[in-house]
Structures are given as structure tokens and as C-alpha cells.
S.K.: 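Starting off with a structure, shown below.
All values reported here derive from a predicted model rather than from experimental measurement. Letters go in sequence order (proteins before strands), and every chain restarts at 1.
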4 protein chains.
Amino acid sequence: MRAEPRWARRKDARPAELRAAALDLFVERGYAATRLDDIAARAGVGKGTLYLYYASKEDLFKAVIREGLVPLYEEGERMVDVHTGSAATLLRALLHTWWARVGATALGGIPKLMIAESGNFPEVTRFYVEEVMSRGMRIIGRVLALGMDGGEFRRVPVEPAARLVMSPVVLMAVWRYSFQCFDHGDGDPADYIDLHVDTFLRGLAP
Amino acid sequence: MRAEPRWARRKDARPAELRAAALDLFVERGYAATRLDDIAARAGVGKGTLYLYYASKEDLFKAVIREGLVPLYEEGERMVDVHTGSAATLLRALLHTWWARVGATALGGIPKLMIAESGNFPEVTRFYVEEVMSRGMRIIGRVLALGMDGGEFRRVPVEPAARLVMSPVVLMAVWRYSFQCFDHGDGDPADYIDLHVDTFLRGLAP
Amino acid sequence: MRAEPRWARRKDARPAELRAAALDLFVERGYAATRLDDIAARAGVGKGTLYLYYASKEDLFKAVIREGLVPLYEEGERMVDVHTGSAATLLRALLHTWWARVGATALGGIPKLMIAESGNFPEVTRFYVEEVMSRGMRIIGRVLALGMDGGEFRRVPVEPAARLVMSPVVLMAVWRYSFQCFDHGDGDPADYIDLHVDTFLRGLAP
Amino acid sequence: MRAEPRWARRKDARPAELRAAALDLFVERGYAATRLDDIAARAGVGKGTLYLYYASKEDLFKAVIREGLVPLYEEGERMVDVHTGSAATLLRALLHTWWARVGATALGGIPKLMIAESGNFPEVTRFYVEEVMSRGMRIIGRVLALGMDGGEFRRVPVEPAARLVMSPVVLMAVWRYSFQCFDHGDGDPADYIDLHVDTFLRGLAP
DNA sequence: TATGAATGAGCGTTCATTCAT
DNA sequence: CATGAATGAACGCTCATTCAT
């Protein structure tokens, strides 16, 4: 009388599958324009099944945001914790890693999604700002402070500078989901990031 | 011997008033979540009045985008045409002007709006990409090319570099409409732009 | 200081012009599907002008019905009053006259219109039934009674027989406005009426 | 061990129930003046349920027409196929049957409905003319030809004669739904049909 | 657990009616 | 008299949510 492993596995995986389907469609069409029917269909379940895992459409949206990026940022913090080389190297690594883990994956849609829906979900927006955005900025800020303290960078206000660092990669991720199909001129994201880091590091030279 | 009937003035001004009200609400809530009732109420007219000027909600949305930024970009092009000083000065002036005319005004919501709704309006997205975004990039690109040709900047690929220039200010405008109320740490936008230009110009020094 | 004759003439003619425009459109599209804008446009006046002559759409509809056929039926009654020849000849003349004056003109749409809208306008339907339909039946009935009294026709119940007489021509008028464009097989209405009268009179031979 | 779920039975029966409710109201008030709320209420379902079976109000209307009379006309054709007695007997039987199956039932409203709405639904009007009206005429026409070929009737043009046969019964059905409540003088429909057939057959005697 | 038929509140849109000109 | 801009009640249609199976 074993439990059925196949079903059990599906049952455990369901929430993540549902969130993945929801994220895809929310990012593509926006929250309001996405029908639960479509999310259910994309996840390969019936419409009612959604309600076994999430109490409402809004609840599903919140879960998409909450479960999305937080784990990755913990990894980012560890990267800074254990780093021993130059701040410049770390900065470059962090941006490339962010792109590989977020910008180039479906998670890259989350910033676009939050930008679009912030006005309608104050509670989850506060969560996103505090637990994701600010946290990311703090990671970058730590690296900048490290470099400035070590004489590697000239002194600039940390928080605005951290925004300068993140802006190009965040906006590239956002554009990727918004204008990619109409914008035929983009080269390799890695090259773009390197150009950005090169220029920024020169700009920060003491 | 009246100068002109009150109505005529209203009739001429109405479309712009309606677009302004629509832009405010579209930016705040997103296209789908904005009710025409609310747009009409904010514009101080009845719901049916909207349909005297725009054939549908979609039509109104398109007008908001189409009539919004194009005139300003023509002005930007003229700024480059007539400029005589250094490319660095021009670049700084363009960004500050963009912020004053777009980022700090209601028009600053248009990038956020297009980011959010691009998936649902391919036609107007194409327009926005071609007539607004690409045009803005071309303006910046001309300045960068100017500086590189004049030995003021080191040689870098123009198009990605133009993106780097615009990213922080565009994203600041987007954030202003999305996360401002939750993000208590931002300083003066002008300072932020100056920090960006300073760093970027140093980074581009030959 | 004469009154302006042109205007005065227009002013007097307006109600009839408006009713004519309304009849055309009511017959073509039905009452509910006809917009007052269209009626006004067809009559060549502004939308508000309609309300100078008729208090509401419903009022206009009632006028269309009330002013439409009544005068013609008075003429029909006189035809019977003054007739001296055989009942058969009179019957044939009445049907041909009805077709010429009603069936073949715009007035032929009134039966279709009343059939369609009777459920929504009980008051005007009662008027139509009593002042138009029943009156027409009474005219035909008088002719039949004349023929039966004179030994020209065999005795049959007058009222149902009168309906039999009118049915083909009324239905032809109705079809003309409903199915004409899809029904390519109809010959000359006059031949149809003659066939009807011939057959009916034979059928009524003593 | 249930035979079948209650829902399945309902699901199969629903379309016919909805069409029946729609026919009643369309006939009573006309297409435009009938609200979907009322149709749903009469069918005992919620408003949204309609859209599970018909894509739009127009679609429902078309189904009402398409599914309404066609099966009956197939039966009519079989009656002619298998008949062996006189054409006169067959003609009388066909009219009485038509009245019993169509004129006296809710289906009798369909001719009224098509008359009223033909202008707004060209496509379904074409269907009705070709698959219902013309087909009915052809059935009657076959009987007339039969009688003429057998020497039972004198020779007359078949198509107009078929219209003469149908006009009184069709118009009686139409009137039943339009003027019944205001027209207090009608006797037994069967008597009316008999009078019609008697007269018409005498009129067609060789 | 999973389903999808059923629901009805909500919104985009239309159009008869009003009224300032 | 005549106009047409403005209005808002009304209706077709959608879709998040429920619940019997």
C-alpha cells in the first residue's frame, strides 16, 4: 500500500507549475488581461484546480512575486560574503550572474510585472521593494562600499551609485519582455553588460 | 459680438484633457484595470462624452501614446542640431531636459505604460519603439558620435552606449510611478542625473 | 415684411418628411435598431430638430402608423360607395388599387412594421387593428356581401372570406420588404393579383 | 450506480431550452428589444450560461431560425412522397398539418420573426428563404403539379399558385402573434383552413 | 483530489433625450 | 426655429469564483 509516487510528486510540484504558468502569462499580457482559464490550461489542469492551491487570482499573483526572486538574492548575498578578490571583479560577476539567473530566464519578467502592477497591489509592492529591490541594491551597495573603502573606487554616494549599476541590466530585462520583437538591434547581452561595467568602473576610478 | 462660444473652446481642448486624464489613470492602474467611468470623471465629463472624441478605449490608449512624446523628441533633435559646444555639455543638458520635460511630468508615465501594455497592443508598440524609443536613442547616439569624432570620448559601440546613457533616467521615471511611495530613500533627481553623467563621462574619457 | 414662403413651406412639410424618413428606416431595420440620428440624417435635419415635431421616438413611431394608411382607406370606402358594376369587378379593382397605392409604395412597409412591433406598442397596435386592418376587412366584406346578396357569389362566412381575399396581397407586400432581395422568382405583382382574383372568384361561384 | 449525472442531461437539453426561451421573447418583442437577461431568466439559468452554448445574441438568433423549422419540412416532403390519394386530399392534409405543427405552436412565431428581422440578418435570411420558405413552396408546388398532371386541377402557374395556397395560413400564424389580443373576431383556425381549401380547390377545378 | 458547468457583478459601448447656443 | 455637444441609463459580454459531481 505505498502512496503513489507519481501523484505525490505532481502534487508537490503543482504550486510551482502553476506559478510558472501564471508568471509567463502575467508578464505577457498583464495581470488584469490574463484569464485564470488560460493559466490553468497552460499548466495543464482544470480551472477549479487552481483554487485548491491559491485562494484567488490575487493570491496567486502575490505568490508569483514572493516565491520568485527571494531565493536568488540570498545566493547573491552569499557571493558577496565569501568573495575575496577585487570589488571590480565581484561587481562584474554579480551582474553577469544576475543576467544568467534572472534576466535571461522567465524570472526576468518579474520586474516588468511589478512595474506594471505596483499601483494595484500595494502590499506585495511593499514586499517587492523591501525584500527584492532594496535587497539587491544593498548587495551592490556593499560591493561599492568595499571598493571605496579599499581605495579601488573614488567616493560617491552609495545608494544612487548602486542604482546606476543596476539600471542597465534591469531595463534590458524589462525591454526583453516588452520590446524585443520590435527592436531588432540588440547585440549580445553579455557584451552589453561588459561595456556597462567597463565604462562604469573607469568612471569610478579614483 | 462674442469672441467665440464657450463650447468651441471646450471642444478643442477636450481631446487633450481626456488624454491627460487617461494617461494618469492608465499609468496608475494599468490599461485593463482603468475604467472609462473613472477617466470621464477625472476629466469632468460624462462617460458618453469620451466616445465623441475617441472611438473606443483602445483608440484612446493609442492616442495617449501617439500624441504624448513625439513633439518633445522633435525638440530634442533641434537641440542637437543647433548645439555648438562640447558633446559632454550637450549630453548633460539633454538628460536634464528630458527629465524636466518628461520624467518629472505626467509624460514620464508613458514608458511605464508602454512597458506594461506592449504585449496587448503590438501596433502601437511598434509605433512607440520606432517613433519614440529609437528616436531618442538616435539623438543620444548622435551626441556620442559627435564626441567620439571630436576626440572628446573614446570609441565605443554607439547604440549600446546610448542605451547606457538613457537607462538610469528612464528607469528613474518608471520607478517614480511604480515604487516612489514605498521607496523612501531617493534624493534629488538632478543630483542623480549629475552623478550618472559625471561617472559616464569619466568612463568615456579617451 | 412678408413671412418667408420657402421656410414656411418647409416648416409645414417637415412632419411628413420626418415620418417618411422614419418609415423607411423603421421598415428596413425595425424600430429598436433604427437610430434617431439616422432618421434625422435621412430627413436632412439635425438630431434635435426631430424633437421640435415629435416628443419622442415612440411618438414618431405612432405618428408614422397613424398618419400612414388611414387616408387611403377612406378612399377605398368611397370606391365601394360609388360602385355600380359587378362585385367581381369591384373586388379586382380594389386589390389592384391597394397594391398600386400601398403595396408598391413605401406605405407597403407599414404592415411589416406593425407585424414586427405590435408587441411593444399595444396602444398603436389597437389603433392599427381597429382603424386600418378591420376597416380594410370591412371594405372587402361589404363587397363580398354585395356579391352574395346579388347572387354573384355563393354564401360563405364574410369575415374569414375577406381575410382570404387580403392575405395574398398583404403577404406579398410584407415579403417585398423582407425577402425580395433573396427571392429571385417573383413575377409581375399584377399577374399574381389577377391569378388570385381569378381563382378566388371561381371558388366563390354559386 | 447512477445511470447518468443530472448535469449531463441538462447539458444536452440546455440548447433547446435556451432556443425555446429565446424564440418566445424574440417573437413577442423583436430581436433588439429582447434582453439576454430575460431569455436567461425565462430559461431558468443565469445570464452567463447562455454564453456556454451560444457565442453571442446574434448566434443564438441564428440557431433559433436554423434549428426551428427545417426538421418539419423534411417531414412534409415525406408526406408528399408517400401519398397515394388525390392531390386535393393531400393539399388539405398538408395545410392542416402545417397549422398543427407550426402555426398553432411556438414555431409559428418564426415567420413573424424572420419578417421583422430580415433586414438585419442577411445571412440567416438567405438561409430561411432557401431552406424554409422556398422548400415549403416546393412541397406545395409538387402537389399542385401532381393535381394538374392528373387532370384534377386546371393548369395555372405553379409557383404563384403555391404562394396563394400558403398565404392565408402563414398570415394567420403571423397575425396570431401580432394582433390576436386585439382582434376578437377569429373563429376556429381549422374552419378557416377548410374554407380556404374549399374555395381554392373550386377555383382550381378544370 | 480534480473538474468544468453555472453564476452574476462589472465594464465597454450605444443611443434617446436634453439644452446652451 | 435649428443645432449638436453632452449625458447617463441600459444592455451585451467577460471572467473570477463556486460547488455538485
S.K.: Under 4.0 Å between any heavy atoms, over every strand shown, what does B:Lys47 touch: base, sugar-phosphate, or nothing? Just pick one.
M.R.: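 The residue B:Lys47 makes base contact.
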S.K.: Go through the structure and list residues passing salt bridge (charged side-chain N to carboxylate O under 4.0 Å, His left out) with B:Asp38, not counting sequence neighbours.
M.R.: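 If we apply the salt bridge (charged side-chain N to carboxylate O under 4.0 Å, His left out) test to B:Asp38, skipping adjacent residues, the hits are B:Arg29, B:Arg35.
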S.K.: Would you say F:dA2 has OP1 or OP2 under 4.0 Å from some side-chain N or O of C:Arg14?
M.R.: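 Yes, because at least one side-chain N or O of C:Arg14 sits under 4.0 Å from OP1 or OP2 of F:dA2.
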S.K.: Using heavy-atom distances to pick each residue's nearest nucleotide on DNA chain F, tell me which of D:Tyr51 and A:Ser56 is more 5'.
M.R.: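 So the residue in question is D:Tyr51.
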S.K.: Just to be sure I follow the notation: if a pair is Watson-Crick (purine N1 to pyrimidine N3 plus N6-O4 or O6-N4) or a G-U wobble (N1-O2 and O6-N3), each under 3.5 Å, what dot-bracket string does DNA chain F give, with | for pairs to another strand?
M.R.: .||||||||||||||||||||
S.K.: Applying side chain to side chain donor-acceptor pair (under 3.5 Å), can you list everything that pairs with A:Glu58, at least two apart in sequence or on another chain?
M.R.: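 If we apply the side chain to side chain donor-acceptor pair (under 3.5 Å) test to A:Glu58, skipping adjacent residues, the hits are A:Lys62.
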S.K.: For C:Ala55 and D:Thr49, take the nucleotide of DNA chain E holding the closest heavy atom to each; which residue's nucleotide lies nearer the 5' end?
M.R.: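 The 5'-side residue here is D:Thr49.
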S.K.: Using a heavy-atom distance cut-off of less than 4.0 Å, which residues of residues 35-42 of chain A contact DNA chain F?
M.R.: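 A:Arg35, A:Leu36, in order of number.
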S.K.: Go nucleotide by nucleotide along DNA chain E from the 5' end; which of B:Thr34 and D:Leu50 gets its closest nucleotide reached first?
M.R.: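 Nearer the 5' end of the strand: D:Leu50.
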S.K.: Output, in order, the C-alpha distance, side-chain angles, deciding distance and verdict of salt bridge (Lys or Arg N to Asp or Glu O under 4.0 Å) for D:Arg14 and D:Glu17.
M.R.: CA-CA 5 Å; D:Arg14 276 280 154 79; D:Glu17 293 170 13; 3.7 Å; yes
S.K.: Considering residues at least two apart in sequence or located in another chain, which fulfil the side chain to side chain donor-acceptor pair (under 3.5 Å) criterion with C:Tyr54?
M.R.: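 Residues passing side chain to side chain donor-acceptor pair (under 3.5 Å) with C:Tyr54: C:Arg19.
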S.K.: Where do C:Tyr177 and C:Ala106 come nearest, in terms of heavy atoms and distance?
M.R.: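 Looking at all heavy atoms of both residues, the closest pair is OH-CA, 3.3 Å.
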S.K.: Sequence neighbours left out, what passes ring pair (Phe, Tyr, Trp, His ring centres under 6.0 Å) with D:Phe121? Give chain and number order.
M.R.: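 For D:Phe121, the residues satisfying ring pair (Phe, Tyr, Trp, His ring centres under 6.0 Å) (neighbours in sequence not counted) are D:Tyr31, D:Phe61.
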